[in-house]
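Comments concern the structure below.
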Amino acid sequence: MTFRVLVVDDATFVRDTIKRTLRQFIPGVEIFDAADGQRAISLMKSNKIDLTLSDWEMPEMTGEELLQW
């Protein structure tokens, strides 16, 4: 069974750092990433996600709004 993680952050370097760290510590992890909440919702609608790691302060949709969705 594959563990699927969604990383949501408007900063590319933060997403890349988190993805690199996840791959280092969780062998076989499947990682999805989104630069904003709307893209994250789209990914969650079309994929089974086990864990979402989200920035709290993003443009368009905050992490809190994403969580409420």
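The figures here come from the full heavy-atom set of this structure, side chains too, leaving out hydrogens, waters and symmetry mates.
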**Prompt:** Within a radius of less than 6.0 Å around CD of Gln68, do more than 12 heavy atoms belonging to other residues, nucleotides or ligands occur?
**Reply:** yes
**Prompt:** Would you call Phe32 and Val5 a side-chain contact if the rule is heavy atoms closer than 4.5 Å?
**Reply:** no
**Fill in**
d(Glu65 CD, Ser54 OG) to nearest 0.5 Å is 10.5 Å
**Asked** Nearest 0.5 Å, what's the CG-CZ distance between Leu51 and Phe3?
**Response** 4.5 Å
**Asked** Which residue pairs pass the side-chain hydrogen bond (donor to acceptor under 3.5 Å, both in side chains) test when at least one of the two sits in residues 24-43, sequence neighbours left out?
**Response** Arg4-Glu30, Arg15-Asp33, Lys19-Asp33
**Fill in**
Taken in chain and number order and not counting sequence neighbours, the residues that satisfy salt bridge (Lys or Arg N to Asp or Glu O under 4.0 Å) with Asp10 are none
**Asked** Mind checking what makes salt bridge (Lys or Arg N to Asp or Glu O under 4.0 Å) contact with Lys48, not counting sequence neighbours?
**Response** Asp50
**Prompt:** Are Leu66 and Leu43 grouped together when hydrophobic residues (ILVMFWY) are joined by side-chain heavy atoms under 4.5 angstrom apart?
**Reply:** yes
**Asked** Is the backbone N or O of Ala11 less than 3.5 Å from a side-chain atom of Asp9, with the two atoms forming a donor-acceptor pair by type?
**Response** yes
**Request:** State the CD1-CG distance between Ile31 and Leu22, to the nearest 0.5 angstrom.
**Result:** 4.5 Å
**Item:** Same apolar cluster (I L V M F W Y, side chains within < 4.5 Å links), Ile26/Leu6
**Value:** no
**Complete:** CE (Met61) and CH2 (Trp69) are apart, to the nearest 0.5 Å, by 8.5 Å
**Complete:** Closest heavy-atom pair, Ile49 versus Thr52, reported as atoms and distance to 0.1 Å, is CG2-OG1, 3.6 Å
**Asked** Got a second to check how far Ile18's CD1 is from Phe13's CZ, nearest 0.5 Å?
**Response** 9.5 Å
**Item:** Side-chain heavy atoms of Thr62 within contact of Glu57, under 4.5 Å
**Value:** no
